[in-house]
*Asks:* 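Can you read through this structure? Questions will come right after.
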There are 2 protein chains.
Amino acid sequence: MYAASIPTMAVASAEQIARLVSELARRFAAYLDTQAADLHLTGPQAALIRHLDRPLPMKDVAGRLRCDASNVTGIVDRLESRGLVERRVRAGDRRVKELVLTGEGRRVQRRVAAIAERLSGLELSDSEQSRLIELLEKALSALPPA
Amino acid sequence: MYAASIPTMAVASAEQIARLVSELARRFAAYLDTQAADLHLTGPQAALIRHLDRPLPMKDVAGRLRCDASNVTGIVDRLESRGLVERRVRAGDRRVKELVLTGEGRRVQRRVAAIAERLSGLELSDSEQSRLIELLEKALSALPPA
DNA sequence: TATTGTTATACTCTATAACTATA
DNA sequence: TATAGTTATAGAGTATAACAATA
């Protein structure tokens, strides 16, 4: 046993948390990817569709996906070729192209949204869920906003 | 990767957990990537180094990274060209190449390992950490093993 | 001049299939 | 024949820089 002033246990569990969060992140991402693949979407494509809650300029899409604007061109090209999204020149400013979902795009969007919700069960009781939410929010506050 | 925004109201805590875990996963991955980039490593390169706790056949590396063996060739090529890892033909079976860290590779490995540990604080007390570990483990059990 | 989006370029990661060398 | 690893190929994502159109 060590002196109480040096939180040995805390260090041990800190590492454990890092490992668990890492594992959870990995599996969660893998889950999302496989679910997206079922819809014939890559991760970034699914993310783009999920963020398209209203007509959005390409630049804003890049902002939400946190990637360079030049990438969005390619991702949108592929989605547009499948008829899921559409580029529309903004009336007031012809430099801007707004991205909108097609009818089929909206159908896919609903299925994408359902993916995260399907994770919900998590085998936790209501009170466990509340507590987990609290702790996750606190843990989140320790990470850079990115 | 998924939604950035956290709902202000939440009675539906299951969905909220899905969003929080999603957000945590996203930020955690982003954090790991930027930290790895500081070491001039990509995510997969850092992951490979992290898993190299002993001489490991290429095939086992692929297993640990959960990717096809053909990918490992390229990742290892790049690490080897930087002198971080080394391929060694196994004495007993000349088909097998075991991957080992060089001295410099071990130094980098220690820095990679430190990344996850640095996440440890998480601004949680000891008991909060214990509880979070419990809940994370339970939540993990709901996800496919991948 | 500044901004929006695209194109050109170059890398990394990904899987599948064909190939080699060993067993 | 079977296994370990590589190579060939092709597609997707990433960023930087240069560019056109528009403001």
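Bear in mind that the values here come from a model prediction, so they are computed numbers and not experimental data. Here is the naming used below: chain letters follow the sequence lines, and residue numbers restart at 1 for every chain.
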*Asks:* Separation of A:L79 atom CG from D:dA12 atom C1', in whole Å?
*Replies:* 12 Å

*Asks:* Counting heavy atoms from C-beta on, name the nucleotide in D:dT22, D:dA12, C:dT6 closest to the side chain of A:D93.
*Replies:* D:dT22

*Asks:* Nearest to the A:R95 side chain among C:dA21, D:dT22, C:dT6, which nucleotide is it?
*Replies:* D:dT22

*Asks:* CG of A:L41 versus C1' of D:dG13: gap in Å, rounded?
*Replies:* 15 Å

*Asks:* What is the separation between atom CD on B:E80 and atom P on D:dT6, rounded to the nearest whole Å?
*Replies:* 9 Å

*Asks:* Between C:dT22 atom P and B:M58 atom CE, what is the distance in whole Å?
*Replies:* 16 Å

*Asks:* Could you grab the distance from atom CG of B:L101 to atom CZ of B:R107, nearest 0.5 Å is fine?
*Replies:* 11.5 Å

*Asks:* Calculate the interatomic distance between A:H40 atom NE2 and D:dA12 atom P; express it in whole Å.
*Replies:* 13 Å

*Asks:* Any idea which of D:dG13, C:dC13, C:dT16 is nearest the A:T42 side chain?
*Replies:* D:dG13

*Asks:* Quick one: A:N71 CG to C:dT6 P, roughly how many Å, whole number?
*Replies:* 12 Å

*Asks:* Quickly work out the A:K59 NZ to D:dT22 C1' distance and round it to whole Å.
*Replies:* 14 Å

*Asks:* Under the 3.5 Å rule, do the base of D:dT22 and the side chain of A:R94 count as making a donor-acceptor pair?
*Replies:* no

*Asks:* When you check the phosphate oxygens OP1 and OP2 of C:dG5, does a side-chain N or O of A:R87 lie under 4.0 Å from one of them?
*Replies:* no

*Asks:* Heavy-atom nearest nucleotide on DNA chain C for B:I75 versus A:D60: which residue maps closer to 5'?
*Replies:* A:D60

*Asks:* Let me know the distance between CG of A:D68 and P of C:dT4, rounded to the nearest Å.
*Replies:* 13 Å

*Asks:* Between the base of C:dT16 and the side chain of B:S70, is there a donor and acceptor pair under 3.5 angstrom?
*Replies:* yes

*Asks:* Is it the case that D:dT7 (base atoms only) and B:T73 (side chain only) share a donor and an acceptor within less than 3.5 Å, ignoring hydrogens and angles?
*Replies:* no

*Asks:* Atom CG in A:N71, atom CE in A:M58: separation rounded to 0.5 Å?
*Replies:* 10.5 Å

*Asks:* Among the candidates D:dG5, D:dA12, C:dA15, find the nucleotide nearest to the side-chain atoms of B:P57.
*Replies:* D:dG5

*Asks:* Do A:R87 and A:T73 come within less than 4.5 Å of each other through their side chains, counting heavy atoms only?
*Replies:* yes

*Asks:* Would you say C:dT22 has OP1 or OP2 under 4.0 Å from some side-chain N or O of B:R90?
*Replies:* no

*Asks:* For the pair B:Q109 (side chain) and B:I49 (backbone), establish whether a donor and an acceptor sit closer than 3.5 Å, ignoring hydrogens and angles.
*Replies:* yes

*Asks:* Would you call A:R90 and A:E98 a salt bridge, taking side-chain N to carboxylate O under 4.0 Å as the test?
*Replies:* yes

*Asks:* Using only side-chain N and O atoms of B:K97, determine if any of them is under 4.0 Å from OP1 or OP2 of D:dT6.
*Replies:* yes

*Asks:* Quick one: which of D:dA15, D:dA12, D:dT6 gets closest to the side chain of A:R78?
*Replies:* D:dA12

